Amino acid sequence: MCNKGFKWHIHQILIGVDQLANVFLGGWADETLSSRCYRNAQKYWYAKLGQQILDFIFRPFGKHHCEMAYLSEKERRQAPPEIRE
């Protein structure tokens, strides 16, 4: 395990599970479901509903969870520093 700590490791596992869920629902392998819901919320009612549900679930961790996930994806914060653009 990387020496970044247990909390970091758990966070990485949760991101991987989130990406896997997104793939099962027809999305890209390297995108989280939260990011996808935010990105598609203006196009599809079910993406807007998904965004509202996920924002509610993750509300204790901060407001606008899906938007923050989308911005994180755009900045490639989930990728190792060596390969970020």
Side-chain angles (χ1 to χ4, degrees):
M1 176 166 52
C2 181
N3 70 6
K4 298 222 182 231
F6 184 73
K7 185 176 177 181
W8 177 86
H9 187 67
I10 294 299
H11 186 252
Q12 294 299 302
I13 290 170
L14 293 174
I15 290 172
V17 169
D18 193 352
Q19 290 173 334
L20 181 62
N22 185 46
V23 170
F24 276 120
L25 294 171
W28 292 93
D30 195 31
E31 183 178 28
T32 63
L33 186 57
S34 302
S35 173
R36 181 177 168 206
C37 283
Y38 179 80
R39 184 172 53 82
N40 288 315
Q42 301 303 317
K43 297 178 193 173
Y44 308 108
W45 66 268
Y46 50 85
K48 181 67 173 177
L49 179 61
Q51 177 186 353
Q52 291 170 340
I53 291 169
L54 290 169
D55 280 344
F56 179 79
I57 290 170
F58 292 103
R59 183 180 50 183
F61 302 103
K63 293 182 177 182
H64 312 291
H65 167 78
C66 292
E67 181 180 6
M68 295 298 105
Y70 173 77
L71 294 174
S72 178
E73 294 279 354
K74 281 188 69 171
E75 295 172 7
R76 297 185 47 84
R77 283 186 261 160
Q78 78 284 5
E82 297 84 15
I83 63 171
R84 293 179 194 167
E85 295 178 336

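Only a predicted model underlies this, so the values are computations on that prediction, with no experimental measurement involved.
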**Asked** If you take all heavy atoms of Asn22 and Arg36, which pair is closest and at what distance?
**Response** OD1-CD, 2.8 Å
**Request:** Search all heavy atoms of Ser34 against all heavy atoms of His65 and return the closest pair with its distance.
**Result:** OG-NE2, 2.9 Å
**Message:** Are Leu49 and Leu54 linked, directly or through intermediate hydrophobic residues, by side-chain heavy-atom contacts shorter than 4.5 Å (ILVMFWY only)?
**Reply:** yes
**Message:** Parallel, tilted or perpendicular, judged at 30° and 60°: which one describes the rings of Tyr70 and Tyr38?
**Reply:** tilted
**Message:** I'd like to check the side chain to side chain donor-acceptor pair (under 3.5 Å) partners of Asp18; sequence neighbours left out, ordered by chain and number.
**Reply:** none
**Item:** Shared hydrophobic cluster for Phe24 and Trp28 (ILVMFWY, side-chain gaps under 4.5 Å)
**Value:** no
**Message:** Same cluster or not: Trp45 versus Leu33, using hydrophobic residues (I, L, V, M, F, W, Y) connected whenever any side-chain heavy atoms lie under 4.5 Å apart?
**Reply:** yes
**Item:** Residue list, side chain to side chain donor-acceptor pair (under 3.5 Å) with Asn40, at least two apart or on another chain
**Value:** none
**Prompt:** Closest approach of Asp30 and Glu73, non-hydrogen atoms and distance?
**Reply:** O-OE1, 3.1 Å
**Request:** Compare all side-chain heavy atoms of Leu71 with those of Met68 and state whether any distance is below 4.5 angstrom.
**Result:** yes
**Item:** From OG (Ser35) to CD (Gln51), nearest 0.5 Å
**Value:** 10.5 Å
**Prompt:** Can you tell me how far CD of Gln52 sits from CD1 of Ile57, rounded to the nearest 0.5 angstrom?
**Reply:** 12.0 Å
**Request:** Describe, in one word, how the ring planes of Tyr44 and Tyr46 are oriented to each other, choosing from parallel (under 30°), tilted (30 to 60°) and perpendicular (over 60°).
**Result:** parallel
**Asked** What distance separates Leu20 CG from Leu25 CG, expressed to the nearest 0.5 Å?
**Response** 9.5 Å
**Nearest non-hydrogen partners of Cys66 and Asp55, listed with the distance** = N-OD1, 2.8 Å
